[in-house]
Amino acid sequence: MGLRTLKALMNIKHLLDKAFSEALSKLVGSDTPGIVKQAQREEFGHYQANGVMAAAKKLKTNPRELAEKLIEDIGLKGTCFTEIAGPGFVNIHLTSDFVAQQLNSVIKDSSLGVPSTEVSKIVVDYSGPNLAKEMHIGHLRSTAIGDSLVRVLEFVGHDVIRANHVGDWGAQFGSLLAYMDQLRQAGQSLSTELTDLEKFYQAASALFKSDESFAKTARSYVVRLQNGDNECLSLWNQFIEESIRHSQEVYEKFNITLGVNDIRAESAYNNVLPIVVQELEEQQLLVESEGAKCVFLDEFKGKGDKPLPAIIQKSDGGYPYMATDLAATRYRTQELGADKVLYVVGGEQLLHLRQVFAVAKAAGYIHEDQEFLHLPFGGVLKEDGLRFKTRDGADVKLIDVLDEAILRAFNVVSEKNPALSESDRGEVARVVGIGAVKYAELSKNRSTDYIFDWDTMLAFEGNTAPYLQYTYTRIRSMFRRAGTDSLQGSIVLGENAELRLGVKLLQFPETIESTLDDYQANVLCNYLYELCGFFNTFYEQCPVLIAEEPSKTSRLLLCELTAKTLRQGLELLGIETVEQM
RNA sequence: GCGCCCGUAGCUCAAUCGGAUAGAGCAUCGGCCUUCUAAGCCGAGGGUUGCAGGUUCGAUUCCUGCCGGGCGUGCCA
């Protein structure tokens with residue numbers, strides 16, 4: 001039996017589903033799914049098969065009788081025992097022996113039972129900040145979610161390319177460049193001025209609003225920039241460089257894996273844009289309408305059922321982001337050879353990206369076997385339920401959230417564990433604070449809007465990263481006391497708390513699988529939270545260090561596997577752990 | 001107007017693509033530290049899943065209508 005087959009068996013859900021589906025199909029006479037799922041309620045066992053009711057209906061028989069027949073020849077002796085419940089559910093209880101045996105093999109596996117999948121080349125487009133603005137709370141989602149996805153995809157073996165499609169081009173740079181030039185002419189040192197980017201942005205935009213002649217100059221800078229004016233470009237370069245330095249600082253603080261090499265900015269596509277237009281023209285997709293070059297596809301309708309254009313080139317000759325995004329699809333398939341491209345981009349871009357993908361397909365930039373997927377997420381709302389607007393100046397800066405999180409965490413750790421040295425407390429504060437913010441974001445990952453609230457986001461109790469991190473330190477603390485890391489022996493399950501924990505540990509591979517199923521990190525968050533709940537119950541009920549052998553070693557092994565799973569799971573979320581806190 | 005998304009406990013969020021009695025955390029109330037870190041554990045209260053219908057063994061989930069909110073709907077990105 002190859003390693004891969006062995007690992008497939010470690011996926012309990014698959015194992016059971018296969019057995020139930022095959023047996024049920026035999027009874028029905030045609031392909032019939034067993035529909036095995038994790039049980040929702042402990043009294044229903046560990047798993048339940050829900051397929052019998054639908055099958056019985058097809059056969060027009062009594063579901064409970066069909067279930068009887070099914071479990072007679074299911075042939076899973078030793079792994080589980082079953083019972084029929086309700087209208088025809090089959091409840092599945094795994095045996096302690098089976099669970100223990102599986103645990104004993106998983107504990108030797110460095111990837112915790114997760115099989116490596118067939119390798120795909122996957123581009124993940126995330127974060128993508130606008131360099132003309134400071135990163136604010138709205139960037140949190142794309143950045144945290146995207147980075148976690150990247151980590152999980154790499155963990156299962158995919159060839160992942162991070163794509164940070166930063167906005168470094170366009171009209172918004174006019175006032176910034178004009179302001180830079182003005183400062184330079186006044187003899188100010190630009191490098192000093194640019195250290196506080198936020199102040200710089202505000203000053204420039206204030207001037208733009210109040211000073212008519214400045215606004216005029218600003219607009220002229222946009223034209224100069226697009227025409228490749230050297231002086232202008234050098235100012236622009238200086239600004240971009242500083243701005244990227246700033247965003248890299250945020251990434252580093254937030255423990256995001258994006259590096260400068262992952263940046264492929266909008267401007268990088270500038271010279272491809274005319275080619276895109278030319279290629280669309282050659283394929284006779286391009287139509288001139290109201291002075292702009294557009295692609296009209298039947299599936300897109302605008303107001304009053306009028307055809308909705310995808311504008312590739314504006315009437316003034318400039319290129320809107322439709323063109324840039326098309327060039328990016330072209331680059332990703334033709335140059336990078338991507339099998340799949342995931343866009344972690346806000347839901348407000350839904351129509352835009354649908355158009356991008358559709359036009360790119362029509363143009364032949366995306367082939368049948370290449371999958372482009374938009375993973376939308378909702379906006380960030382203020383406490384009053386309204387959206388943050390860039391204009392109203394009420395943005396919460398990302399860097400401020402992180403700093404506040406670290407500060408609060410420092411106060412808490414100083415109170416909880418004053419014995420730790422100041423530098424240790426600083427390190428704990430960093431890991432805990434950042435973890436809290438990231439987990440707050442990832443754990444409620446649904447494509448709906450969410451309300452930003454300092455206290456909710458920076459909570460350290462309950463369903464939070466610090467809770468998971470704390471559970472980890474509890475285990476590490478035990479091992480420090482035990483004074484050993486190398487354990488000879490095996491897991492034997494006695495108490496129910498041990499069995500529950502054991503089954504949960506075995507469900508890590510299933511969790512990774514369903515996390516990637518919908519690309520939803522909150523599935524992983526939920527799992528880790530429940531795992532900790534089970535562990536902490538075990539921790540209260542089952543003494544470890546004072547237990548008799550072989551129970552002591554068995555429990556230490558359970559602790560070890562819990563710690564490994566926790567650390568791995570948190571790492572996949574981009575959250576660090578500490579030895580004590 | 002049209003399109004997409006959303007509406008779940010006082011608050012913030014879940015619910016494994018149709019499963020059993022809708023779950024957590026926070027907040028409130030009550031227990032547990034001279035056994036491994038109390039950022040923890042155990043327990044209580046709190047719900048007509050926006051409203052009204054429909055589909056079926058079974059609906060927070062699917063369909064229709066209505067109410068309420070968000071986003072988008074040709075030259076910002």
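Within every chain, numbering begins at 1; the chains are lettered A, B, ... in the order of the sequence lines, protein sequences first and strands thereafter. No experiment lies behind these values; they were computed from the predicted model shown. All values below were derived from every heavy atom in this structure, side-chain atoms included, with hydrogens, water molecules and symmetry-related copies excluded.
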Would you indicate, yes or no, if B/C76 has its OP1 or OP2 atom less than 4.0 angstrom from a side-chain nitrogen or oxygen of A/Lys314?
yes
Using a heavy-atom cut-off of under 4.0 Å over every strand shown, decide if A/Glu43 touches base, sugar-phosphate, or nothing.
base
Between B/C33 and B/G19 - C1' atom distance, rounded Å:
42 Å
Is A/Lys416 close enough to B/A39 that one of its side-chain N or O atoms is under 4.0 Å from OP1 or OP2 there?
yes
Have a look at A/Leu350 and say if it touches a base, only the backbone sugar-phosphate, or nothing, with a 4.0 Å heavy-atom cut-off.
sugar-phosphate
When you measure from the side-chain N and O atoms of A/Tyr470 to the phosphate of B/A39, is any distance below 4.0 Å, counting only OP1 and OP2?
yes
Rounding to an integer number of angstrom, what distance separates B/G1 and B/A59 when you compare their C1' atoms?
32 Å
Taking atom C1' in both B/G46 and B/A39, what distance in whole Å separates the two?
26 Å
Looking only at N and O atoms, is any donor in the side chain of A/Asn91 or the base of B/A20 less than 3.5 Å from an acceptor on the other one?
yes
Atom C1', compared across B/A24 and B/C62: separation rounded to whole Å:
27 Å
Checking B/A20, B/C75, B/U12 against the side chain of A/Ala85 (C-beta onward), the nearest is B/A20
Reckon A/Arg474 has a side-chain N or O less than 4.0 Å from the OP1 or OP2 of B/A38?
yes
Consider the side chain of A/Lys37, meaning its heavy atoms from C-beta on, and name the nucleotide among B/A39, B/A77, B/C17 that approaches it most closely.
B/C17
In whole angstrom, what separates A/Gln520's CD from B/C17's P?
12 Å
Which one is paired to B/U35, where only Watson-Crick or G-U wobble pairs with both distances under 3.5 angstrom count?
none
Are a donor atom and an acceptor atom from the side chains of A/Glu498 and A/Asn496 found within less than 3.5 Å of each other?
no
Checking contacts here: which listed nucleotide (B/A77, B/C41, B/U37) is nearest the side-chain heavy atoms of A/Gln172?
B/A77
State whether a side-chain donor-acceptor pair under 3.5 Å links A/Asn130 with A/Gln172.
yes
Expressed as a whole number of Å, how far does the P atom of B/G53 sit from that of B/G45?
30 Å
Strand partner of B/G1, provided both Watson-Crick or wobble distances fall under 3.5 Å:
B/U73
Among the nucleotides B/G74, B/G19, B/C41, which one has an atom lying closest to any side-chain atom of A/Glu290?
B/G74
Looking at B/U28, which nucleotide sits across from it as a Watson-Crick or G-U wobble partner, both distances under 3.5 angstrom, or is there none?
B/A44
Just to be sure I understand the rule, does A/Leu308 reach a base, reach only the sugar-phosphate, or reach nothing, if contact means heavy atoms closer than 4.0 Å?
sugar-phosphate
Sticking with atom P, work out how far B/C51 lies from B/A22, rounded to a whole angstrom.
16 Å
Could you verify whether a donor N or O on one side chain and an acceptor N or O on the other, from A/Asp168 and A/Ser267, lie under 3.5 Å apart?
yes
Quick one: on RNA chain B, does A/Asn526 or A/Glu348 contact a more 5' nucleotide (nearest heavy atom)?
A/Asn526
Evaluate whether the aromatic ring of A/Tyr539 and the six-membered ring of the B/G40 base sit under 5.5 Å apart, centre to centre, with an inclination under 30°.
no
Please pick, from B/G74, B/G40, B/G19, the nucleotide with the shortest atom-to-atom distance to any side-chain atom of A/Ala292.
B/G74
Within the structure, does a side-chain N or O atom of A/Gln40 lie under 4.0 Å from either OP1 or OP2 of B/A20?
yes
Side chain of A/Arg480 - closest among B/G74, B/U37, B/A39:
B/U37
Checking B/A77, B/G25, B/A14 against the side chain of A/Asn463 (C-beta onward), the nearest is B/G25
Check every strand shown and say whether A/Phe377 touches a base, only sugar-phosphate, or nothing at a heavy-atom separation below 4.0 Å.
nothing
Has A/Arg354 got a side-chain N or O lying under 4.0 Å from the OP1 or OP2 atom of B/G3?
no
Glycosidic conformation of B/C62, syn or anti, with 90° from 0 as the boundary?
anti
Taking A/Ser175 for its side chain and A/Ser205 for its backbone only, find out whether a donor-acceptor pair lies under 3.5 Å.
no
Any strand, both distances under 3.5 Å, Watson-Crick or G-U wobble: B/A52 pairs with B/U64
So, does A/Tyr439 get its side chain near the phosphate of B/C13, meaning an N or O under 4.0 Å from OP1 or OP2?
no
Enter the distance from A/Lys13:NZ to A/Lys37:NZ here, rounded to the nearest 0.5 Å.
8.0 Å
Check: A/Tyr467/A/Asn536 side-chain N/O donor and acceptor closer than 3.5 Å:
yes
Within this structure, what is the CE-to-P distance between A/Met53 and B/G19, rounded to whole angstrom?
10 Å
Give one of base, sugar-phosphate or nothing for A/Ser289, where a contact means two heavy atoms less than 4.0 Å apart.
base
Does a donor on one side chain and an acceptor on the other come within less than 3.5 Å for A/His93 and A/Glu83?
yes
Interatomic distance at C1', B/A52 relative to B/G7, whole Å:
16 Å
Would you classify A/Cys542 as touching base, sugar-phosphate or nothing, given that sugar-phosphate means primed atoms plus P, OP1 and OP2, and contacts are heavy atoms under 4.0 Å?
base
So A/Val413, base contact, sugar-phosphate only, or nothing? Heavy-atom distance under 4.0 Å.
base
Partner of B/U16 under the Watson-Crick or G-U wobble criteria, both distances under 3.5 Å, comes out as none
Contact class for A/Tyr467 (heavy atom, under 4.0 Å): base, sugar-phosphate, or nothing?
sugar-phosphate
Got a donor-acceptor pair under 3.5 Å from the side chain of A/Asp518 to the base of B/C17?
yes
Taking only the C1' atom of each, what is the distance from B/G25 to B/U8 in whole angstrom?
15 Å
Does B/C42 have its OP1 or OP2 closer than 4.0 Å to a side-chain nitrogen or oxygen of A/Thr537?
yes
Using a cut-off of 4.0 Å on non-hydrogen atoms, how would the nucleic acid contact of A/Met581 be classed: base, sugar-phosphate, or nothing?
base
When you get a sec, tell me which of B/G74, B/C57, B/A38 is the closest nucleotide to the side chain of A/Lys306?
B/G74
Could you tell me whether the side chain of A/Gln469 and the main chain of A/Val578 form a donor-acceptor pair under 3.5 Å?
no
A/Phe44 ring over B/A20 six-membered base ring, under 5.5 Å and 30°
yes
The nucleotide from B/C4, B/G40, B/C71 with an atom nearest the side chain of A/Glu540 is B/G40
Please confirm whether any donor atom in the side chain of A/Thr456 sits under 3.5 Å from an acceptor in the base of B/G25, or the reverse.
no
Quick one: pull up OH in A/Tyr343 and CG in A/Leu375 and give me the separation to the nearest 0.5 Å.
11.5 Å
A/Phe534 six-ring face occupied by A/Arg500 cation (under 6.0 Å, within 45°)
yes
Choose from B/U37, B/A77, B/G74 the nucleotide whose nearest atom is closest to any side-chain atom of A/Gln580.
B/U37
